[in-house]
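Accompanying notes for the structure given below.
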Amino acid sequence: MIDAGWFTLVGLSVYQLPAVNAGLNALSTALLLFGWFAIRRGRVDAHRRSMLSAFAVSAVFLGCYLYYHRHAGHVRFTYDVPVIKYGYYAMLFSHILLAIAVPPLVIWAIYLGLKNRLDTHRRVVAWAWPIWLYVSVTGVLIYLALYHFWPSTDLPAIMP
């Protein structure tokens, strides 16, 4: 668990973490795409660095996400236009389910890649990479929907 003093040290409030988390998801997305392009061009070292960086960024995201939800709770989606509401919940549901699969798939893919078991690595990555990319992109979209496009009516209640 992240110590609250760390946030004070870098000048962050717990209520700034959703924006930080969206930024971390966006950075993870960029690193995932760079890693994909690198391996397509045969740049194995660049691919390895990019994917390990994406994993590190995602791990920091997870720590910040858990810290935020432990200390600030969660924000409900309150926009009441059915097509938007159900679209948001469909995206959120698929995001949550697939996010559960990302850590074991990615850890296994990294292990296989580092052990040079490339045939198995490619088979695992055929599933892991698109799922991880989807989770990273939808994480940003969920943040934008909840805090910017259709701000929750819960927001004033949780802000200091």
Side-chain angles (χ1 to χ4, degrees), residues 1-72 74-75 77 87-151:
M1 184 59 67
I2 298 171
D3 181 73
W6 181 84
F7 290 105
T8 304
L9 178 68
V10 295
L12 290 175
S13 158
V14 70
Y15 300 103
Q16 293 170 304
L17 285 178
V20 169
N21 287 340
L24 291 168
N25 268 325
L27 179 56
S28 179
T29 298
L31 289 165
L32 289 169
L33 291 170
F34 181 82
W36 183 82
F37 284 113
I39 202 64
R40 293 285 176 223
R41 287 167 178 73
R43 297 178 56 204
V44 175
D45 287 337
H47 169 74
R48 182 181 300 114
R49 284 191 306 272
S50 182
M51 300 312 285
L52 291 173
S53 296
F55 180 72
V57 167
S58 293
V60 171
F61 160 81
L62 182 58
C64 290
Y65 175 87
L66 293 172
Y67 183 88
Y68 173 79
H69 285 286
R70 178 170 183 208
H71 294 282
H74 79 279
V75 177
F77 187 77
Y88 170 83
Y89 282 119
M91 179 174 57
L92 179 65
F93 182 71
S94 64
H95 172 85
I96 291 168
L97 284 180
L98 292 172
I100 293 166
V102 168
L105 281 171
V106 169
I107 290 167
W108 183 237
I110 289 171
Y111 171 81
L112 293 168
L114 292 175
K115 291 295 184 180
N116 213 28
R117 294 174 50 192
L118 299 182
D119 287 339
T120 309
H121 172 75
R122 286 182 193 104
R123 283 195 299 275
V124 171
V125 167
W127 289 93
W129 188 85
I131 292 171
W132 191 4
L133 183 65
Y134 177 83
V135 168
S136 292
V137 169
T138 56
V140 175
L141 294 175
I142 289 164
Y143 165 77
L144 290 172
L146 199 56
Y147 291 88
H148 294 283
F149 297 153
W150 305 284

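One-based numbering along the sequence shown. On a predicted model such as this, the values are computed, not experimentally measured, just so you know.
- Note: F149 CZ to L141 CG = 7.5 Å, rounded to the nearest 0.5 Å.
- The salt bridge (Lys or Arg N to Asp or Glu O under 4.0 Å) pairs that include a residue from residues 15-30 number zero, where partners must be two or more places apart or lie in different chains.
- Side-chain contact between F34 and R49 is absent, with no heavy-atom pair separated by less than 4.5 Å.
- Nearest heavy-atom pair, G113 versus L118, reported as atom, atom and distance to 0.1 Å: O-CD2, 4.3 Å.
- Once rounded to the nearest 0.5 Å, the distance linking SG of C64 with CD of Q16 reads 11.5 Å.
- If you look at H121 and Y111, their ring centroids are not closer than 6.0 Å.
- At least one side-chain heavy atom of I142 sits less than 4.5 Å from a side-chain heavy atom of M91.
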- Dump the intermediate steps for side-chain hydrogen bond (donor to acceptor under 3.5 Å, both in side chains) on H148 and Y143, then the final yes or no. CA-CA 8 Å; H148 294 283; Y143 165 77; 2.8 Å; yes
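- For R48, the side-chain contact (heavy atoms from CB on, under 4.5 Å) partners are V44, D45, L52, L114, not counting sequence neighbours.
- To the nearest 0.5 Å, atoms CH2 (W150) and CG (L144) are separated by 9.5 Å.
- In terms of the side-chain contact (heavy atoms from CB on, under 4.5 Å) criterion, residue partners of A54 (sequence neighbours excluded) are, by chain and number, S28, L31, L32, W132.
- Note: W108 CH2 to R117 CZ = 5.0 Å, rounded to the nearest 0.5 Å.
- To the nearest 0.5 Å, atoms OH (Y68) and CG (L17) are separated by 8.0 Å.
- Between Y89 and F77, the shortest heavy-atom distance links the atoms OH-O, 3.4 Å.
- Scanning all heavy atoms of the two residues, the minimum distance from P130 to V125 falls at CD-O, 3.5 Å.
- When the shell of 6.0 Å around OH of Y88 is examined, it contains more than 12 heavy atoms from other residues, nucleotides or ligands.
- Here the CD1-CD1 distance, from I100 to I131, works out to 12.0 Å after rounding to the nearest 0.5 Å.
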- Passes side chain to side chain contact (heavy atoms under 4.5 Å, CB included), V102 versus L105? Steps please. CA-CA 5 Å; V102 168; L105 281 171; 5.9 Å; no
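- In terms of heavy atoms, S136 sits closest to N25 at O-CB, 3.6 Å.
- Here the closest heavy-atom approach between residue A99 and residue P103 is recorded as O-CD, 3.1 Å.
- Judged by distance alone, with hydrogens and angles left aside, the side-chain atoms of S50 form no donor-acceptor pair with the main-chain N or O of A46 at under 3.5 Å.
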